[in-house]
4 protein chains.
Amino acid sequence: MFELDVRSRKPIYEQLIDKVKEMVQHGILQADEQLPSVRTLSSQLTVNPNTIQKAYRELEREGYIYSLQGKGSFVSPLQQGQNESQKAELRNELLRLMAEAVYLGFTALEIGALYRQVEEQRERGNNSD
Amino acid sequence: MFELDVRSRKPIYEQLIDKVKEMVQHGILQADEQLPSVRTLSSQLTVNPNTIQKAYRELEREGYIYSLQGKGSFVSPLQQGQNESQKAELRNELLRLMAEAVYLGFTALEIGALYRQVEEQRERGNNSD
Amino acid sequence: MFELDVRSRKPIYEQLIDKVKEMVQHGILQADEQLPSVRTLSSQLTVNPNTIQKAYRELEREGYIYSLQGKGSFVSPLQQGQNESQKAELRNELLRLMAEAVYLGFTALEIGALYRQVEEQRERGNNSD
Amino acid sequence: MFELDVRSRKPIYEQLIDKVKEMVQHGILQADEQLPSVRTLSSQLTVNPNTIQKAYRELEREGYIYSLQGKGSFVSPLQQGQNESQKAELRNELLRLMAEAVYLGFTALEIGALYRQVEEQRERGNNSD
DNA sequence: GTGGTCTAGACCACG
DNA sequence: GTGGTCTAGACCACC
């Protein structure tokens, strides 16, 4: 289900966060769908439970998932228009990366193509409901 | 000249790398212009010389600056069309952030605006020669 | 295990890099085998941890080793056919040294013998699995 | 005459040493031919005289050139079969580089081709006497 | 003067 | 436990 690269320089818990976000964004994980438990995922991925815990906690903080005491973790329904500070931070990151991309020679066309790629993946996910 | 946040979670040397890149990308630092010496910057920022050196070394590795032995560090002239692996990595990062942005409700217009903002800053830098 | 010459003109971290490469090339260190930790090696060699870390970091950059977060450093399995720029640089170095060797009177036979020596050490290492 | 890369990480004096050796090995500089004076070369290359001095001193130490008091520096005639310690050191360097080359996937054919390339350049130089 | 190497030792992030 | 970051400060190589 999740594929992690333990050799990567990126911390495992961050990789896990990104994977879950990606699946939520692509509609692979639907709203209110239950996520695997910490214990299950830990043994499936042969990763320390604390690492899974840390990823879930961060996903909850960012509003991607919510947890019910004793029941488990679930995907949050999309709530657009909130998280203004989160959006501001993301905007800065995007600016930084775009500036670097333009400097390295990316054209407006290439960047536009990246955007369209994102849109397509999103629609494909939504149609498979 | 450079403003650092020593309390940030982002390492000082990375903050410095980003600042220098930004100034190069915006044309604030021009090609072949000399950067402050490791020692000078170290005392200006009250940061250890090794930390500055680490940042400069990474900037050199990424092709943003070069150093002349016994003379100091200088801004590299722009050489587009190289660093293919660097560009591939950047493309992935951009995809990831855009997907997150779209999910959080950014519209195509907003993202286009970010791109135009990058372009404007670049032109403003180049015109101030 | 490793012998260093602290009085040599060659930096300690470079000596260490060369030693590790040699042991990997000769099969003394096998793929996915764990290297001594930075701290352990540091105290064994009575060399500062930062110096060991610098060597390990460069070895990782060159693809000879990889590190698992919180677990340690390990020998990379051999992946031929990559690192084209690395190979190009090496080719130039070899050309330079061979030209010097020929000038100093090395015969084709002697140089061929060196090559066979390399091959033999490699096979001896692989057979001792 | 000499082309130096001041941006290279390799010290200028070493680059100069290599260039002179190369020209001697290829027969471009003939035995007993006079080299440019330190002062001349210094202004031609816009390099510090001390740097040229250092290169010439090292070339003399290695037996590539000799200097006559007040007259200048001259190319040494080839004296094969001497410098045993020099040859031993060179043999070690060659072994080290070849081992790395083989590890990175160089074939015996490729290495043989490098040797033939050296031989050809040598003959071309000798025929142009 | 410049950057490069190294030490001694603290603190943090990750698992 | 592991490696990663940072400081304070010494010494060296290069120009």
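Values in this document were obtained by computation on a predicted structure and should not be read as measured data. Note: hydrogens, waters and symmetry copies are ignored here, and every other heavy atom, side chains too, is used.
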Exercise. Are OP1 or OP2 of E:dG3 and a side-chain N or O of D:Arg7 less than 4.0 angstrom apart?
Worked result: no
For this session: Grab the CG-P distance between B:Asp5 and F:dC6 for me, whole Å please.
Result: 12 Å
Exercise. Dot-bracket for DNA chain F, 5' to 3', counting Watson-Crick or G-U wobble pairs under 3.5 Å, with [ ] for crossing pairs and | for inter-strand pairs?
Worked result: ||||||||||||||.
For this session: Verify the contact: side-chain N or O of C:Ser73 to OP1 or OP2 of F:dG3, cut-off strictly under 4.0 Å; return yes or no.
Result: yes
Exercise. Distance check: side-chain N/O of B:Lys71 vs OP1/OP2 of F:dC14, anything under 4.0 Å?
Worked result: no
For this session: With heavy atoms under 4.0 Å as the rule, sort A:Asn48 into base, sugar-phosphate or nothing.
Result: sugar-phosphate
Exercise. Within this structure, what is the CD-to-P distance between C:Gln53 and F:dT7, rounded to whole angstrom?
Worked result: 15 Å
Problem set entry | Spacing between C:Ile65 atom CD1 and F:dT2 atom P, to the nearest angstrom | 15 Å
For this session: Kindly indicate whether the side chain of D:Ile52, heavy atoms from C-beta on, has any atom under 4.5 Å from the side chain of D:Leu45.
Result: yes
Exercise. Of the nucleotides F:dG4, E:dG15, F:dT7, which has the atom closest to the B:Ile12 side chain?
Worked result: F:dT7
Problem set entry | Nearest-nucleotide comparison on DNA chain E, the residue closer to the 5′ end among B:Leu35 and C:Val6 | B:Leu35
Problem set entry | Close side-chain approach of C:Asp18 to C:Gln15, heavy-atom, < 4.5 Å | no
Exercise. Atom CD of A:Glu58 and atom CD of A:Glu14: how far apart are they, to the nearest 0.5 Å?
Worked result: 8.5 Å
Exercise. Atom CG of C:Leu16 to atom C1' of E:dT5: distance rounded to whole Å?
Worked result: 14 Å
Exercise. OP1 or OP2 of E:dT5 sitting under 4.0 Å from any side-chain N/O of C:Lys54?
Worked result: yes
Exercise. Is there a donor in the side chain of B:Tyr64 and an acceptor in the side chain of B:Gln25, or the other way round, less than 3.5 Å apart?
Worked result: yes
Exercise. Does the pair B:Glu93 and B:Arg96 meet the rule for a salt bridge (Lys or Arg N to Asp or Glu O under 4.0 Å), with working shown?
Worked result: CA-CA 5 Å; B:Glu93 271 298 287; B:Arg96 198 175 62 74; 3.3 Å; yes
Seminar exercise, completed: Rounded to whole Å, CD1 of A:Ile17 lies from P of E:dA13 at a distance of 15 Å
For this session: Nearest whole angstrom, please: distance from the P of F:dC15 to the CD of D:Glu58.
Result: 14 Å
Exercise. Taking the side chain of C:Tyr13 as its heavy atoms from C-beta onward, which of F:dA8, E:dC6, F:dC15 lies nearest to it?
Worked result: E:dC6
For this session: May I ask you to verify if any side-chain N or O of D:Arg9 is less than 4.0 angstrom from the OP1 or OP2 atom of E:dG4?
Result: yes
For this session: Validate the cation-pi geometry between B:Lys54 and B:Tyr13: distance from NZ or CZ to the six-membered ring centre under 6.0 Å, angle to the ring axis within 45°.
Result: yes
Exercise. Given side chains that start at C-beta, do those of C:Ile17 and C:Lys21 come closer than 4.5 Å, heavy atoms only?
Worked result: yes
For this session: Calculate the interatomic distance between A:Tyr56 atom OH and E:dG15 atom C1'; express it in whole Å.
Result: 17 Å
Problem set entry | Among E:dG4, E:dG3, F:dT2, the nucleotide that comes nearest once only the side chain of B:Arg57 is considered | E:dG4
Problem set entry | Out of E:dG15, E:dC6, F:dC14, whichever nucleotide has its closest atom nearest the side chain of C:Gln69 | E:dG15
Exercise. Counting just side-chain N and O atoms, does C:Ser67 come under 4.0 Å of either OP1 or OP2 of F:dT2?
Worked result: no
Exercise. Would you call D:Thr51 and D:Leu16 a side-chain contact if the rule is heavy atoms closer than 4.5 Å?
Worked result: no
For this session: Tell me what B:Val47 touches on the nucleic acid: a base, only sugar-phosphate, or nothing, going by heavy atoms under 4.0 Å.
Result: sugar-phosphate
Problem set entry | Base E:dG4 paired with B:Asn50 side chain (donor-acceptor, <3.5 Å) | no
Problem set entry | Side chain B:Arg39 and base E:dG1 donor-acceptor under 3.5 Å | no
For this session: Please state whether the phosphate of F:dT5, meaning OP1 or OP2, lies under 4.0 angstrom from any side-chain nitrogen or oxygen of B:Thr51.
Result: no
For this session: Round to a whole Å and report the spacing from NZ of A:Lys10 to C1' of E:dG15.
Result: 18 Å
Exercise. Should C:Asp5 and C:Ile12 count as side-chain neighbours, where that means a heavy-atom distance under 4.5 Å?
Worked result: no
Exercise. Of the candidate nucleotides F:dC14, E:dG4, E:dG15, which contains the atom at the shortest distance from the side chain of A:Pro11?
Worked result: E:dG15
